[in-house]
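Only one structure is covered here, and it is reproduced in the block below.
Labels below follow one simple rule: chain letters A, B, ... track the order of the sequence lines, proteins then strands, and each chain is numbered from 1. Computed from a prediction, not measured in an experiment: that's the story for all the values here.
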2 protein chains.
Amino acid sequence: MYPVSLQELIDEFNKLPGIGHKSAVRLAFHMMNMSQEKAQRFIDAINKAKSSVHLCRECQNLTDKDLCDICSSQRRDRNVICVMESPKDVTALEKTREYNGLYHVLHGAISPMDNIGPDDIKIKELLPRLTSEVTEVIMATNPTIEGEATATYIARLLKPMGITVTRIAHGIPVDGNIEYADEVTLSRAIEGRREMK
Amino acid sequence: MYPVSLQELIDEFNKLPGIGHKSAVRLAFHMMNMSQEKAQRFIDAINKAKSSVHLCRECQNLTDKDLCDICSSQRRDRNVICVMESPKDVTALEKTREYNGLYHVLHGAISPMDNIGPDDIKIKELLPRLTSEVTEVIMATNPTIEGEATATYIARLLKPMGITVTRIAHGIPVDGNIEYADEVTLSRAIEGRREMK
């Protein structure tokens, strides 16, 4: 019912994750009503991000430099590397301002069901980073089957190298409710209990 | 925390209607992972829609031709014009396949609160279309204060021209529940009652 090129724009928006048909129509109409200048700014942002952002040669996080800001910072503790599944996880942890070490981004997790093996994520890029300077590797993959499998795989790989490998704590979230916590979380919370001092 | 150009892309997505921060991050990451070819197809769709789609010189609906498919069709009944607020409304009515006349798209409704007067919407473009061929104008603006005001304004304008002006029926939606209908809808449903034959 819409002109062909408008329908094609609706279809393109519809392909994006989380964008249903109604949202796609709304977004396409919004684009149509946008000034040429603003639409160009949107297009430029896509092109610029796609051409300038790549993986940091050390930690594999997204960056627009050769070495990312964290890897090149003199203020970070170079004895600890926190291994995470995605750049979004790094951003989440950075926001807490609680962690001052380095990162390593795997870009996924081992998942035999999806045909993703150890060689399909950035594990081999982690090994040359494990110099004598590194004393601890924190496995901060997600508490899913895939995240656990990945953490276990990397822990076994690093054990012979004499590096301490730790796993982030799982338990009841701080704003969570014990009544509504799932069984696995609750049993992890009991397992990981600590003495109150 | 993200590279500057990625953050700028997230900000651009965040400006779109209905896209919150989390969706903007998800969409920007999706764009980053898209092949260059697919991203280009998305950009081309925006450019093509923006450059080729404009208003039909007759009905003011969106089209990529001089005269839209409906206005140029030989199969449409040229005696009736249905006046609607937006191209989306036309698409909704076309989907019913119940209407075979022409359209006129106002691109808005009179709204003194928002400083939108009769001259700010496509009312003057309707007048030259009211040739002797046209016997009925259906006011299918929304049942809102603005839509009603617009319908009333146009009805008064056309009365001296001897054209029958009708208003679409309001009432309980077909899949609606009387119990939960709002008072205005319910009183409109009573007002508009018809004899059962």
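No other option in B/Lys95, B/Lys88, B/Lys15, B/Lys38 has as many heavy-atom pairs under 4.5 Å with chain A as B/Lys88. Counting heavy-atom pairs under 4.5 Å between each of A/Leu62, A/Ile70, A/Val25 and chain B puts A/Leu62 at the top. Contact tally against chain A (heavy-atom pairs below 4.5 Å) for B/Glu94, B/Gln40, B/His30: the top residue is B/His30. No other option in B/Ile46, B/Asn61, B/Thr63 has as many heavy-atom pairs under 4.5 Å with chain A as B/Ile46.
Residue A/Ile43 holds its CD1 atom at 8.5 Å from CZ of B/Phe42, rounded to the nearest 0.5 Å. Residue B/Ser23 holds its OG atom at 11.0 Å from CG of A/Leu16, rounded to the nearest 0.5 Å.
In this structure, the side chains of A/Phe29 and B/Ser86 stay at 4.5 Å or more apart for every pair of heavy atoms.
Proximity to chain B is limited to the side chain of A/Ile19, based on heavy atoms less than 4.5 angstrom apart. A/Gln7 does not touch chain B: none of its heavy atoms, backbone or side chain, sits under 4.5 Å away. With a 4.5 Å cut-off on non-hydrogen atoms, A/Val90 does not touch chain B at all. Interface remark: A/Lys65 contributes no atoms to any contact with chain B (heavy atom separation under 4.5 Å).
Judged by distance alone, with hydrogens and angles left aside, the side-chain atoms of A/Lys50 form a donor-acceptor pair with the main-chain N or O of B/Met34 at under 3.5 Å.
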